[in-house]
Student: 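Below: one structure in structure tokens.
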Amino acid sequence: MERIYEIQMGIEELARRALETGTVGGVAALLEVPETNKIAFTLVRAPEDVKGLAPFSPWMLENAARSISQMTREAAFTQPVAVILRPCELRALRELVKLKQVNMTNLILISFDCPGVFPIGSRLNGNGDLPAAYEKAVLEGTNCPGIRQVCSACEEFVPRGADMVISLVGRSPTDTLRAAFPTEAGQKFAEALGLLAEGREVEAGEERDRLAGIRADEHNALSARIQGSLKDLDGLVSVFDRCISCHACRYVCPVCYCKDCFFESPAFSYYPHSLHKRLEQSAAGLRLPLDRLLFHLGRLTHMGASCVACGMCEDVCVAGIPVSQIFKTVGGDIQQMFDYLPGGSPDDPLPLLTYREDELKEMED
Amino acid sequence: MIREIPRVGVYVCHCGANIAAKVDVEEVARFASKLDFVESARDYKFMCSDPGQQLVVDDIREKGLNRIVVASCSPRMHEKTFRKACQKAGLNPYYFQMACIREHDAWVTEDPGEATDKAKELVQGAVSRVLHHESLVPRTVDINPNVLVIGGGIAGMQAALTIADAGKTVYLVEREPCIGGNMAKFDKTFPTLDCAACILTPKMVAVGQHENIELLTYSEVVDVEGFVGNFKATVRKKPRYVDMDKCTGCGVCNEKCPAKAISEFDQGLSKRKAIYSPFPQAVPNTPVIDRDMCIYFKKGKCRACEKFCEADAIDFDQQEEKITLDVGAIIVATGFKPFDPSVAERYGYGKYPEVYTSLEFERVNNATGPTEGQIRLKDGRVPETMAIIHCVGSRDKNHNAYCSRVCCMYSMKYAHLIREKTGANVYEFYIDIRSPGKGYEEFYNRVQSEGVQFIRGNVAGVTDKAIGEDEKGKLIVLAEDSLSGRFLRVPVDAVVLSVGLEAAEGAEAVARMVGISQDQDGWFNELHPKLAPQATPSDGIFLAGCCQGPKDIPDTVSTANGAAAEALSLIMREKVEVEAAVSSIDAERCMGCRQCETICMFDAIEYDSALNVCVVNEAICKGCGLCASTCPNKAIGVRHFGNEQILSEMEGVML
Amino acid sequence: MSGKRKKIVAFLCNWCTYTAADLAGTSRLKYEPDIRILRVMCSSRVDPVFILKALMDGADGVLVGGCELGDCHYQRGNYYARRKVAVAKKIAADMGLDPERIRLSWISASDGPRFAEVVNEFTREIEEKGDTPVKHEAYV
């Protein structure tokens, strides 16, 4: 059982102290200025800039793993940086480690049990009553209405592999922090800030378990819904026919790390003569542009095994295709087939880079 | 990406009537001529003939063709032929694509209309693919002039001698303590009845003394890496516990050793010592200590051999050693093992002491064998009647369906020897007599005239359950004489089982190591059963002797020389062209994720940390394409098997 | 082209299944003509995308053929191929395509009869399923 400490400070104070003591040279987290509606994942370096640090604010503008990847892919941080991530962001980050797109040197990973985030579109009309409802749901350990569909069905909401795990579910925003430090780096971080000496050990609440139960039910319901909508070709076409081939889903996907997407390469371009010939041969005509649906199937072959179901893709889909619900369902099946959890154990090789001699007998003859 | 306007020439081959009898080749050519970018399409009787190839050459020159499609046989057959024709005309050979309308169509399709339709689609696929071909330059690498021969039986020895005589260095690796293999166990050889030792011993000595042969006995090849011209073989040298440099082969150690063990060489019919040479003429004549049987190794004292060895050659501290050999070609000559008849209970092998396998009987006949060459029953009596049963384990669906080729002949050799040495009556139970070979049928006639009784019939069993008085104390062979239809009970004193040949123990591991395949019976597959019988699909790996299927000694020696000639022909070239169709990485696209590096089965991909990209070592890459299908970025392409090429061919065959 | 025939695309590895197909030919074994053979050097070259693209382009069936496990010319390529095909099948199954239209067979170079048998069997199965629905949808 992990040991949870009650710490007599909030997250801003924690960040400030980490910077002031020189324990870290930077803190990366969501920063929000509600008055001006500014919000961004931000790397702050000065103690005075931590004002507005809002890692628990229920928004995800980009899966932070992408940002961390961008910052560390070519060169690691030269001094410790604390990054505060949601569990799915952390899993994406750990998946990107296997894909050599992140350098974890000098990163102190802080995460928390995640109640979920709202779709970005919900911000359009101001945040309204959302914060109040959200706070209530977090306190009770329930799903707040209106959060991303994949969030409400997320069973991986407790972070894996973080150096510091903050308990959020069951707490109110005005409460002081409760956190565990499961790793050696986490212990050191806590000691350097004097958190363990000041803190007192507390018991975990039941809200997390309650939420886990709700999430499991939601997950089942979501899978059934998606499977029902994609039970045949007709379903597939109906769901994806409104895709405008903008490929925004792949641009925001934290594990789609390619510079140039294969599906935008010449291998998928058609020459006029072959288009005409296809038209001649096809009984029912051509849906244009071609390979609109194949893009999604193909993308699944590339990242299905690594999908952390963060929900970014669905958020940005202008056509309202339930992309992340689909990818969570299909990706989850692929992951289950290979007994693999993306961002889980660093020792598990990526499923397509390994094999077992005695597996998948049903796939072959 | 298509970078120039393609001008495709399509040639539809009749292959005599092989294709034309089923496929309407003119119609296919007509169809092809209407395809986009096709400049000219024609059909021709034999495209692979000189005039056929000349058509391609002339058209390239005269019509300015820059892409060629030949629809004929399998590319495994003639791709190289037509690539050469393209090259002759100044066109890069990789601007060629073959559509296989013979093996994959004309020969396998019932209906001519459907065969013609299929041919059209295959041609369309090839045309569509060839548009995306790229000009490639085959690379050349230096060839290491040394040759490794695996197996020191007659095949391996012969191959080694032929190569060594040409002045090239050969490493001959044999896992037993000495060379000679199965042949060294034989007595006489059919049909000439030369004594095996008389013809083999000089060869063994020649191998042992040849300045170009490095003999590694009691050693096994445990790993092979690299590629044609540049193999790296790891050899495990088992400890002999006798210093080969010091040992004089005097044999005193053998005399003094108090520990006895079963002689494998004599097929268990005699005993040997714990320190031993398998047979007196063994090459090398340095004995080995059988660690499992040695009293010193078991109990910590004895060392009798050491005490008596004047050369001070015994070394109980010898350790296993691993050495690496750099070679350009490898000849696999791992031979055979005899079929074990104890799995076929009806013959009574293992149950009745007077039932022998053929190899046991070779030892009985051999002057250095357990009976010093005399044919005697276990109680010392001279047999009065003997039976020889053919096809034990061969031509038998329960065991091996194939014919082992040599059993009829050696069986008749036994019949002759038995008649000659004992005057006993001999019954040969056979299914068919197979005696194709120089002097073989004559030998059959000779043995018949010597009074040997041939009974055509499958043997149902061997029993000692006597019915009549004349069967008492005998073994009774139960068989149906299929010529007269009578059921026979033939009482005999001893039975020889003419067991068939099977792939040697460990053949599978060897196949895996050198990257060749086995057929369903375990024999190694050659590149082509008729036209490339010594080569294998793995460049630089050749086969000699029985490892590819049962053979008699003359054929074994021929194939060994064939393999040697192929290996020589390869290493004398000094340079070898290696496949241009290997992977390459587009550094612009590469994200340095290193999935390809992780997955590559040949360690052909390295990571360049300065540029944060992966790089293919083209000399090592074998072009399997695993990296290409793994790279999500598609920064890796396999040349000639790129995504566009494969997908456009797919599009073509489906339109 | 005769309409009743199906479109079955086969990706066969050069060393085993493609050779088995050659052998089926030289042995004059007769089999159903619906199959269109494409050569790849190793079954592991077959990108799951190829399989899914074939299905989306209107193939009634996709056959991937490789060496028997343990006999891969490139040592272990077919083990990786199996995972790749498994991914394609799983995606097909979950996305409303019929995974049974994808088949993975290990056929050794010497097994011409097995090749003919697999082709006939697979063709029969595909015929029983009928045309791929993709054919009647506009090309997707």
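All chains are named by letter (A, B, ...) in the order of the sequence lines, taking the proteins before the strands, and each is independently numbered beginning at 1.
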Student: If you count heavy-atom pairs within less than 4.5 Å of chain C, which of B:N18, B:T630, B:D111 leads?
Tutor: B:T630

Student: Of the non-hydrogen atoms in C:A59 and B:M654, which two are nearest, and what is the gap between them?
Tutor: N-CE, 3.5 Å

Student: So, do B:F602 and C:Q75 sit near enough that their side-chain heavy atoms are less than 4.5 Å apart?
Tutor: yes

Student: Would you compute the distance between atom CE of C:M41 and atom CZ of B:F641 and round it to the nearest 0.5 angstrom?
Tutor: 5.5 Å

Student: Please determine, among B:N525, B:I516, B:T116, B:N643, the option with the most heavy-atom pairs under 4.5 Å with chain C.
Tutor: B:N643

Student: Would C:F50 and B:I646 satisfy side-chain contact (heavy atoms from CB on, under 4.5 Å), going step by step from the backbone distance to the final call?
Tutor: CA-CA 9 Å; C:F50 295 173; B:I646 295 172; 3.8 Å; yes

Student: Would you call C:D34 and B:K118 a salt bridge, using N to O less than 4.0 angstrom?
Tutor: no

Student: Please check this pair: side chain of C:K30 against backbone of B:V108, looking for a donor-acceptor N/O pair closer than 3.5 Å.
Tutor: no

Student: Taking the side chain as every heavy atom from C-beta outward, state whether B:M98 and C:R39 have any atom pair closer than 4.5 Å.
Tutor: no

Student: Is chain B contacted by the side chain of C:T26, its backbone, both, or neither, given a heavy-atom distance below 4.5 Å?
Tutor: both

Student: Within a reach of under 6.0 Å around NZ of B:K80, are more than 12 heavy atoms found that belong to other residues, nucleotides or ligands?
Tutor: no

Student: Counting heavy-atom pairs closer than 4.5 Å to chain C, which one of B:H640, B:R102, B:K634 comes out on top?
Tutor: B:K634

Student: For residues B:A628 and C:D47, report the shortest heavy-atom separation together with the two atoms involved.
Tutor: O-OD2, 4.4 Å

Student: Supply the atom-to-atom distance C:N78 CG to B:C624 SG, rounded to the nearest 0.5 angstrom.
Tutor: 11.0 Å

Student: State, yes or no, whether a side-chain contact exists between B:E649 and C:V9 at a heavy-atom distance under 4.5 Å.
Tutor: no

Student: What's the verdict on side-chain contact (heavy atoms from CB on, under 4.5 Å) for B:M650 and C:K53, showing C-alpha distance, side-chain angles and the deciding distance?
Tutor: CA-CA 10 Å; B:M650 183 176 98; C:K53 180 163 167 62; 3.8 Å; yes

Student: Which atom names give the shortest non-hydrogen contact between C:G77 and B:M601, and what distance separates them?
Tutor: N-SD, 3.2 Å

Student: Are C:D71 and B:S517 linked by a side-chain donor-acceptor pair shorter than 3.5 Å?
Tutor: no

Student: Relative to chain B, which segment of C:V40 carries a heavy atom at a distance below 4.5 Å: side chain, backbone, both, or neither?
Tutor: both

Student: Can you name the nearest heavy-atom pair linking C:P33 to B:E114, along with the distance?
Tutor: CG-OE1, 3.5 Å

Student: Starting from the C-alpha separation in whole Å, work towards a yes-or-no answer on side-chain contact (heavy atoms from CB on, under 4.5 Å) for B:E103 and C:L23.
Tutor: CA-CA 7 Å; B:E103 285 85 345; C:L23 185 60; over 6 Å; no

Student: Report the option among C:I8, C:V119, C:V49, C:I35 that has the most heavy-atom pairs separated by less than 4.5 Å from atoms of chain B.
Tutor: C:I35

Student: Within this structure, what is the SG-CZ distance for the pair C:C72 and B:R512, rounded to the nearest 0.5 Å?
Tutor: 10.5 Å

Student: If you count heavy-atom pairs under 4.5 Å between each of B:P75, B:A106, B:S74 and chain C, which one has the most?
Tutor: B:P75

Student: At what distance, to the nearest 0.5 angstrom, does SG of B:C600 lie from OH of C:Y74?
Tutor: 11.5 Å

Student: Show your working on side-chain contact (heavy atoms from CB on, under 4.5 Å) between C:T19 and B:R76 and close with a plain yes or no.
Tutor: CA-CA 8 Å; C:T19 310; B:R76 293 176 58 89; 3.1 Å; yes

Student: Distance-only, no hydrogens or angles: does the B:S629 side chain make a donor-acceptor pair with backbone N or O of C:S44 under 3.5 Å?
Tutor: yes

Student: Which atoms of B:C73 are under 4.5 Å from chain C, going by heavy atoms: the side chain, the backbone, both sets, or neither?
Tutor: neither

Student: Which answer fits B:I599, side chain, backbone, both or neither, if we ask what part of it has an atom under 4.5 Å from a heavy atom of chain C?
Tutor: both

Student: Kindly say whether the aromatic ring centers of C:Y18 and B:H104 come within a distance under 6.0 Å.
Tutor: yes

Student: For chain B, which candidate among C:Y80, C:W15, C:F115 shows the most heavy-atom pairs at distances under 4.5 Å?
Tutor: C:Y80

Student: If the test is side-chain contact (heavy atoms from CB on, under 4.5 Å), which one of B:L647, B:V653, B:L122 qualifies with C:L38?
Tutor: B:V653

Student: Count the heavy atoms of every other residue, nucleotide or ligand shown that sit under 6.0 Å from CD of C:E125, and state whether that count exceeds 12.
Tutor: yes

